[in-house]
Every structure is written in structure tokens, then in C-alpha cells.
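First comes the structure, then the notes that go with it.
Only this structure's heavy atoms are used, side chains among them; waters, hydrogens and symmetry mates stay out. Counting starts at 1 for both ligands and their atoms, in listed order. All of these numbers come straight from a predicted model, not from anything done at the bench.
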Amino acid sequence: MLQVDQFESIPFLDGIQGNILKSHGRHHTANLFIIGDDGKQDLVKAWIHSLVVGTNPIIRSGSEQIHNNLRWKAEKVDSGVFACLHISAAGYKYLFGDQKVEDFEDEAFKLGMAHAPLNDPPADFWEEGLQQPHFMLLLAHASDDKVRALVVEIQKSIMFFTKIASVEKGHAIFNNMGAGIEHFGYVDGISQPLFFDDEWERYRADNEITSDDDIKFDPRANHDLVLVPDPFFQDENAKGSYFVFRKLEQNVKGFKQAEEALAFQIGLEGEDEERAGAMLVGRFEGGTPVQESPTDSMVNQSVFNNFDFTRGDASKCPFHSHIRKTNPRSDLPAGEAAKRRMARRGIPFGHRNDDPDDGMIDNKPEGGVGLLFMSYQASIVNQFQFIQQSWANNPTFPNFNDADPDGLDLIIGQGGPKYPVTWGEPNFRPATFGQFVHMKGGEYFFSPSMRFLREIQEI
Ligand code: HEM
């Protein structure tokens, strides 16, 4: 584990961008999808350089982020804007030509999300602004007004050499208990790999762990779960991380109706009715894992994570529930699920006029809201893409019973049948039916080292 109070003596923290090992934690973000103009590479490089050096650098290193977090905790000093930059394979090609992209090891990154084997809708159906971006600049602040002002400022400063294809805005939303939720109303962001000792201490306290015998699920992780060498340098302190962005629209009304219909079909009534939704997600709305309790009643429910599944038994938490599909814990031999974990950094998008926590269905949005899913990992092939393709989209995982498959992940599973588009010709398109999360576009990126950002003009 990395020791927070020793952060100044961990040299690689200076060399990575913030947000990878710890979330930036701001409640408002704007994700700018940017495409560089042909022939303007020098101007683009100068702009990227200015984000880390000069009069007003906005990109923070991992160690600056920790320094600022500690100041916030001790003195309540707000460090203001946070930014980090991500570059796609198309972006590296634009800046340096095709050859340099070959230095990256991750094949999924090199191909891009549009060519990923994920059963997604074809890329030409994605939102236009999310197709083939070169860069994604994430801006974050406690105040939405500040984020807006910053977007305008950036737009003005780069308009002569780039096109901003899309601005995706994210806003944290909360339930009545003050816990961060996603749009279906479930507490999110509970289960994360933990890299720092202060996070582990908090986990021990939240989960009432007093000795090693109490540990049922161990979230501790080494930083190499998400960090790899930046291929541009032979420098052990210049590290980066592969980054996934996926815009997932949520039909909240449809989902809530389906939850109700499911409860009716299987005969759950009264306080048991809530368990229908819990069996889709694996947790109740408040966070209580359905593996641990038949009702949403656990103390510390919005932080509780110290549980495992009973191997081979789906009588409490079904195999197809979202958290069992995406982190099967003890369903797999020790270490097998742990090596797939990602640092999830998603944030909800879209505004709603209803109270997500009011228990009503008719007033819920059918579109325009969702999750900007984001994650950091050392390998897209082995982490995000593996989880989505081989687990979430695989009807026989994790029970491996081909004769009686448990089905896709009902939250994010992509894998409807393919339909012929041209009658009589082998021109098929996948389409999904009865699904309440819709993929609107996305990309694979690399979050380069601070050294790359500083020295980009000399490369
Ligand atoms: C709109 C889309 C999504 C929704 C509504 C959603 C919702 C949730 C919720 C409510 C949780 C439980 C809270 C927690 O344990 O942190 C969760 C956990 C998780 N989700 Fe998602 N999620 C979505 C997309 C995705 C995607 C695309 C992936 C990756 C392929 C993913 C991977 C995970 C993982 C790994 C966990 C933690 C499981 C664990 O360790 O127990 N999610 N999600």
C-alpha cells in the first residue's frame, strides 16, 4: 500500500496525472472531446504543454492531488479546478504518425472502441461528437458555473487549431442520505481497488474489521493494477494509464417499470418487492448487498463491501446481477477476479426535474440521463474489455452452465441477436431489446505521464 503521509517520497506520483489512483472528487465535470486540425500539430502540442507549465497550469500530478486533498482535510482550502488529459490512438497518430502507436502494448487501445468485440451498436450509430476523438480533456470543479466558464475559456483558446466535437457534462447526484447514486437510484462507487493506506484504514472502520480474520473481501491493490510505463520514455517514474470512456444512456422509467413487473412475476410483495431490483444490481438502492441481507437494512450500507459470494450458490444473489458479473469475487479461484479490477471514475450525466428518491415511476426520465462510465487500468484487453465481453456479455458466466445459462448482465450486458438489414443479403447489425442502458459512444484512451505533457514539443 502507498502511504499517504509519505507521498512526497514516492517519486512516481509526481510523474502521473491525478485522478488515476484517487478520484478527483469534484461534483461537476465537463469532458471535452477534441479533434486537432490537419497541419496544426505544433499549435496543439504547445497548447498541451501549456496545460502543465507556464502561468496557469490546470493539470495536476498525482502528488499535487494528494497534497491538495490533505490541505482540504486539514484547512478546508479548495484547490479549485482539476483537469487531466487523455489521448486516443487516433490522437497519437495525429501528433506523431502511425509508427509511434505501435509502441503501445494494448491491442484494444490501438484498435479503438469502435472496433472492440463488445456487441455495441455500430459506431456510425453513435453520437457524432464521440466518434474518433483525438483528445479528451476532463475539467472538474465544485461549482458548475466555474466548469461552464472554464469550458468557454478553453473553447476560445483552442478554436483556431482544433474542433471541439462534443462537451459531455457530468454532475454527481445523491440520495436522501447524501450518498452518491446513479440514475436508477442505486448507491454507486462503493467497491473500488484501494491503493493508499488511509483508504484501507477507512475501509477497516466502515466494515468493522478489527483483525485479519474479519476480512472477507480485500480491496487492497498494487498501483500496477492501473499504471504502466509511458511508452515514450525509458523512465520508471514516467507512468500512464489506459482509460475507458463510455456514454451510457439510462431509461429510468423503463427500468423502474421492469423492476416492478419482475417483482410481480416472481411474486415478491411488501418489503420483499425491493429485492427484485437488488437482484438485478446485486445491491439494494441504499447499497446493502443482497448476498448479505434480504432487505435494504444494513448499517453502513452505502460503504459496506466486506462480503463474498458462496461459490456455486445463487439463492441470495443471482449470478447475472451486475456486481456479481463484473466482480465475481469468490466465484473464481483466488486472485482471478482481483486482477481484472479497474479504478472506476464515472459520473452521472443529464438533469432531471424529479427527485430520484421519491419512489414514483411515472415522472422518471426515459432518456437524456445516464452514466459517463470511465475507468483506469493497466490493460484494456485484460480489464475493462474482458469484464464487458467475457463476463457481462457472457450468458453462462460465472456459473459456466451451458445447459442452463443465467443470462447477460441486466444492467450493461450487450448482446442482442443480429438482424439482417438488407433482405436476402448477409448484412447483419446487432440490436438489443428490453434493455434500459444504451451505449451512445465512447473511446479508449491513454492518460500520458506528466513528463510526456511537459516535453511534448521535443518529442
Ligand atoms: C449505466 C451503466 C451502469 C450502472 C447504472 C452501474 C451501476 C452500478 C452500481 C449501482 C454498482 C454498485 C456500487 C458499487 O459497488 O460500487 C456498480 C458496481 C460496479 N460496476 Fe457498474 N454500472 C454501470 C456500468 C458499468 C460498466 C460499463 C462496467 C464495466 C464493464 C461496470 C462495472 C462495475 C464494477 C466492476 C462494479 C463493482 C463490483 C464490485 O466490486 O462489487 N459498471 N455499478
Which ligand 1 atoms, with their elements, are less than 4.0 angstrom from a heavy-atom of [X]?
{"X": "Gly189", "answer": "13 (C), 14 (C), 16 (O)"}
{"X": "Gln388", "answer": "27 (C), 30 (C)"}
{"X": "Tyr186", "answer": "10 (C)"}
{"X": "Ile323", "answer": "12 (C), 18 (C), 38 (C), 41 (O)"}

Can you tell whether the side chains of [X] and [Y] come within less than 4.0 Å, N to carboxylate O?
{"X": "Asp198", "Y": "Lys73", "answer": "yes"}
{"X": "Arg202", "Y": "Glu199", "answer": "no"}
{"X": "Glu292", "Y": "Lys316", "answer": "no"}
{"X": "Lys169", "Y": "Asp144", "answer": "yes"}

For [X], which part has a heavy atom under 4.0 Å from ligand 1: side chain, backbone, both, or neither?
{"X": "Asn305", "value": "neither"}
{"X": "Arg344", "value": "side chain"}
{"X": "Arg341", "value": "neither"}
{"X": "His322", "value": "side chain"}
{"X": "Leu371", "value": "side chain"}

For [atom], closest protein heavy-atom neighbour:
{"atom": "atom 11 (C) of ligand 1", "result": "Asp188 OD1, 3.4 Å"}
{"atom": "atom 34 (C) of ligand 1", "result": "Thr326 OG1, 3.3 Å"}
{"atom": "atom 28 (C) of ligand 1", "result": "Phe373 CE1, 3.3 Å"}
{"atom": "atom 24 (C) of ligand 1", "result": "Ile412 CG2, 3.3 Å"}
{"atom": "atom 14 (C) of ligand 1", "result": "Ile190 N, 3.4 Å"}
{"atom": "atom 13 (C) of ligand 1", "result": "Val187 O, 3.4 Å"}
{"atom": "atom 5 (C) of ligand 1", "result": "Glu182 OE1, 3.2 Å"}
{"atom": "atom 4 (C) of ligand 1", "result": "Ile411 CG2, 3.7 Å"}

Atom pair CD1/CG of Ile323 and Asp409 - distance to nearest 0.5 Å: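 The distance works out to 10.5 Å.
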Taking the non-hydrogen atoms of [X], is any one of them nearer than 4.0 angstrom to ligand 1?
{"X": "Ile181", "result": "no"}
{"X": "Arg283", "result": "yes"}
{"X": "Arg329", "result": "yes"}
{"X": "Gly370", "result": "no"}

In a check of salt bridge (Lys or Arg N to Asp or Glu O under 4.0 Å) between Lys256 and each of Glu274, Glu366, Glu285, which one passes?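 So the option named by the test is Glu285.
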Checking side chain to side chain contact (heavy atoms under 4.5 Å, CB included) against His141, which of His28, His24, Arg148, Lys146 comes through?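 Of His28, His24, Arg148, Lys146, side chain to side chain contact (heavy atoms under 4.5 Å, CB included) with His141 is met by Lys146 alone.
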Phe245 pairs by ring-ring contact (aromatic ring centres under 6.0 Å, His included) with which of Phe33, Phe445, Phe373?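 Answer to the ring-ring contact (aromatic ring centres under 6.0 Å, His included) test with Phe245 among Phe33, Phe445, Phe373: Phe33.
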I'd like to check whether [X] has a polar contact with ligand 1, where a contact means an N/O of the residue lying under 3.5 Å from an N/O of the ligand.
{"X": "Gln250", "answer": "no"}
{"X": "Ser191", "answer": "yes"}
{"X": "Phe384", "answer": "no"}

Just checking Phe452 against Tyr92, ring centres under 6.0 Å apart?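 Under 6.0 Å, so yes.
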Please report whether the ring centroid of Phe174 lies less than 6.0 Å from that of His27.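 Yes, the ring centres sit under 6.0 Å apart.
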Checking Phe446 against Tyr444 for the ring pair (Phe, Tyr, Trp, His ring centres under 6.0 Å) test, could you report, in this order, the C-alpha distance in whole Å, the side-chain angles of both residues, the deciding distance, and whether it holds? CA-CA 7 Å; Phe446 189 71; Tyr444 293 151; over 10 Å; no
More than 12 non-hydrogen atoms from neighbouring residues, nucleotides or ligands closer than 6.0 Å to CD on Glu336, yes or no?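 Yes, CD of Glu336 has more than 12 neighbouring heavy atoms, counting only those of other groups under 6.0 Å.
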Quick check with a 6.0 Å cut-off and a 45 degree axis cone: is Arg283 positioned over the face of Tyr186's six-membered ring?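 Pair Arg283/Tyr186 does not count as cation-pi.
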Distance under 6.0 Å and angle within 45° of the ring axis: does Arg340 meet both against Phe386?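 Satisfied, under 6.0 Å and within 45°.
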